[in-house]
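All values below come from the heavy atoms of this structure, side chains included, with hydrogens, waters and symmetry mates left out.
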Amino acid sequence: MRGEGIMKKVLSGALIGALVLTGCGKSSTSSGLKTFHTYELQSRETEGFNYLTANGTVTLQVTQQLIEGLVEYNPDGELVGAQAKDGWKVNDDSSVWTFTLKDGLKWYNQDGSEYGDVTADDFIEGIKYNLDYDNASPNVEMITSFVKGAEEYYEASEAGTATDELFDETVGVKALDDKTIEYTLVGSKPYFDSVLNYTAYNPLNEKFLDEVGDSFGTTPDTILYNGPYLLSEFDQNAYKEFTKNTKYWDKDNVPFDTVSVNMLESQAKAYEMYNAGELDWVQLTQDEVLTEQANGNDTLVDSGPGGMVYQIYFNHAQEGNDDWNKAADNINFRKAWFYGIDATEYNKRTNPIDPDSLTATTITYPNLVYTSDGTAYGDLDELKEYRNGIHDVTKAAEYKAKAMEELKAEGVTFPLQVSLAYNVGNQTSEETFQVEKSSFEAALGSDFIEIVGVPYIRSASSEVYTPNLHSIVISAWGADYADPYNFLFQLTSFGDAYMNNKYSHFDDEELNTRVDEANKLIDTDERYHAFASIEAYILDNAYTVPFSTSGHQIQMTKVNNYSRAKTYSGYSGKMKYWETQDKAYTTAEYEEFAKED
């Protein structure tokens, strides 16, 4: 999942409460609401309906209700068959995977009328669409990194020499019959089944694509549906309505007959509508939480953990700031930040009741995967030094003194100007920037750093990060699949390492080599320990500063978040399994849910 910048940390109301918030279910069906009244901010309207090329939360939170791939996660955190039957096959070195479709799967039009069968060829067509250079899919890497021959075919497509025959001969995905799909990979990928939870591997009906042509995915009636809901109404930036797909193969686990989504101009409006009984949940701002606490509200609940980790990334190649670049290259300078930064005030903006619940101490989300004995990745011995906390003012002071001595000898002048982007005119962004500025300068000392705002109007990426005007970035990464490689690869200097190439621009050949070697391991226990050792190496060098996590928003809600699909990778916001009731859950009820999770 592409990294989300600092503005995404204080998330607006999301269609499904919060896309990556997941939990452990208690029953298979909802026993409460049949119509769910929810909301989204107008600034987070879907960018379209092309689910194959979508890679942002605002679109995927819509399309994952409508389109389904081979696999999904259930409320117990198990990867199970969705369009595929359970019991898929994999060869000894995890390089060939075979899936068989369930019986009776159908495509449906927007109005619910049947279009045709879902077949194995549809999954091949979806991959071919993403590998067509003219479709400009941002998800190409998610296929070429895994499927044998996909890179070669994409290069041919870019050169204008790709043909159907070349695809059939080159690309390692085959329809063995109408219901069986075989994937041949570039190497051993023991986690590949979790990769298939990613939207780029979803199916596409070739006949329908021919009918709609270039308009595919532009409106709700230019896609076919095979998921739990149909998008029955769509008024851009105003309203959308989902209707239960009563012919969906797993309709008994689809809780709502109707989901109405009001597109609102502000979080304050959502708060107002919830209190008027017009919404079934609301996420609260810091001020709203404090107000409700003062009024003795006993329905303030913690939404539960998310799967994204926010980190401070140091830019080693800032344009026009040589002093900063020298500092970013200095390990003692980075370690002063690593041990000195305290995210408490920042986290209070999301959860003023328990800001420590958002504390991050590692790069990879700690519960992403487990070893065969049930040990969470973040609890492996290699990472225990950091899991117990990294904030240490004594160490920070020691490293600060060393850094200042070394850098002054190189001609660096203190305090260092630290450039940090914010969205000018956006109240949330401006307030967040002020919290960051005051807390960072207080933690490290005004004799050491001075945080300087770099305003942008529309896009931090194009206005700040691409021209390298930033010193630091606070951004998050969430795993696209269930393997630590997806997190740690981002800090290599390989060409498609998104976070390093976008934000940090540093090169450590030892890190590159170790990540590459660990990625060849097939045994998952050996693999996880190898990556944990690499992560400890990254933390030892303070290449980033773990800062915060997603999740743990304070809400008032009629939805039991712990009944949802449980995963910390891919997309988990499908409205299935959810338990609801006709009144808000209490704080005490949610505390019991958390204990049982």
Side-chain angles (χ1 to χ4, degrees), residues 11-19 21 29-49 51 57-68 108-112 219-221 223 225 227-248 250-284 299 301 303 553 555-561 563-565 571-585:
L11 291 172
S12 62
L15 167 65
I16 46 85
L19 185 63
L21 304 183
T29 58
S30 168
S31 57
L33 304 173
K34 291 302 177 184
T35 297
F36 181 51
H37 300 280
T38 184
Y39 73 99
E40 180 57 276
L41 295 190
Q42 291 172 351
S43 61
R44 291 177 56 81
E45 178 62 279
T46 180
E47 296 167 351
F49 302 93
Y51 54 90
T57 301
V58 295
T59 298
L60 289 165
Q61 66 187 11
V62 173
T63 59
Q64 68 179 312
Q65 316 302 334
L66 316 175
I67 309 296
E68 185 171 81
Y108 301 96
N109 293 300
Q110 184 189 13
D111 63 5
T219 56
D221 62 347
I223 59 170
Y225 298 69
Y229 295 92
L230 308 169
L231 189 59
S232 49
E233 291 187 40
F234 177 67
D235 184 358
Q236 189 165 12
N237 288 320
Y239 182 77
K240 58 175 72 77
E241 184 171 287
F242 296 87
T243 302
K244 181 176 181 177
N245 181 356
T246 58
K247 301 172 186 176
Y248 174 63
D250 196 22
K251 63 182 179 181
D252 291 343
N253 278 317
V254 179
F256 307 122
D257 294 333
T258 305
V259 178
S260 65
V261 186
N262 286 283
M263 302 300 295
L264 306 180
E265 68 275 11
S266 68
Q267 187 67 31
K269 181 64 175 178
Y271 183 56
E272 174 189 323
M273 290 180 67
Y274 178 86
N275 286 324
E278 298 171 7
L279 293 175
D280 292 320
W281 83 284
V282 65
Q283 182 174 306
L284 302 179
T299 63
V301 301
S303 63
Q553 294 98 338
Q555 302 177 350
M556 296 186 290
T557 182
K558 299 175 184 178
V559 178
N560 172 8
N561 287 344
S563 66
R564 301 174 177 179
Y571 299 96
S572 57
K574 191 185 296 184
M575 291 182 286
K576 283 182 64 173
Y577 307 111
W578 294 14
E579 293 177 358
T580 63
Q581 59 184 28
D582 60 5
K583 61 180 180 178
Y585 285 97

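For the atom pair OG1 of Thr299 and NZ of Lys583, the computed distance is 11.0 Å after rounding to the nearest 0.5 Å. Here the CG-CE distance, from Leu279 to Met273, works out to 4.5 Å after rounding to the nearest 0.5 Å. Taking OG1 from Thr557 and OH from Tyr585, the interatomic distance works out to 8.0 Å, rounded to the nearest 0.5 Å. With rounding to the nearest 0.5 Å, the separation of OG1 in Thr57 from CZ in Arg44 is 6.0 Å. With rounding to the nearest 0.5 angstrom, the CG atom of Leu41 is 13.0 Å from the NZ atom of Lys269. Interatomic distance, Gln110 CD to Asp221 CG, rounded to the nearest 0.5 Å: 5.5 Å.
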Stepwise side-chain contact (heavy atoms from CB on, under 4.5 Å) check, Thr580 with Asp280: CA-CA 10 Å; Thr580 63; Asp280 292 320; over 6 Å; no
Show the numbers, then the answer: is there a side-chain contact (heavy atoms from CB on, under 4.5 Å) between Phe242 and Thr258?
CA-CA 6 Å; Phe242 296 87; Thr258 305; over 6 Å; no
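Scanning all heavy atoms of the two residues, the minimum distance from Pro255 to Trp578 falls at CB-O, 3.7 Å. Heavy-atom minimum distance, Lys244 versus Val254: NZ-O, 3.3 Å. Looking at every heavy atom in both residues, Thr59 comes nearest to Glu47 through OG1-N, 3.0 Å. Contact detail for Tyr39 and Gln283: the closest heavy-atom pair is OH-N, 3.1 Å. In terms of heavy-atom proximity, Pro220 sits nearest to Phe234 at CG-CB, 3.8 Å. Across all non-hydrogen atoms, the minimal contact from Val259 to Thr38 is CG1-CG2, 3.9 Å.
Contact check for Tyr229 versus Met575: side-chain heavy atoms found under the 4.5 Å cut-off.
The existence of a salt bridge linking Glu68 and Lys574 is confirmed by a sub-4.0 Å separation between a basic side-chain nitrogen and an acidic carboxylate oxygen.
The backbone N or O of Gly227 lies less than 3.5 Å from a partner atom in the side chain of Asn245, making a donor-acceptor pair. Side chain of Ser563 to main chain of Glu579: a donor-acceptor pair is present (N/O by atom type, distance under 3.5 Å, no hydrogens or angles). In this structure, Gln553 contributes its side chain and Ser303 its backbone to no donor-acceptor pair below 3.5 Å. At distances below 3.5 Å, at least one donor-acceptor pair connects side-chain atoms of Gln64 with backbone N or O atoms of Gly573. The backbone N or O of Thr35 sits nowhere less than 3.5 Å from a side-chain atom of Asp257 that would complete a donor-acceptor pair.
Under the side chain to side chain donor-acceptor pair (under 3.5 Å) criterion, Asp111 pairs with Ser113, sequence neighbours left out.
Of the listed residues (Glu278, Glu241, His37), just one forms a side-chain hydrogen bond (donor to acceptor under 3.5 Å, both in side chains) with Ser260, and that residue is His37.
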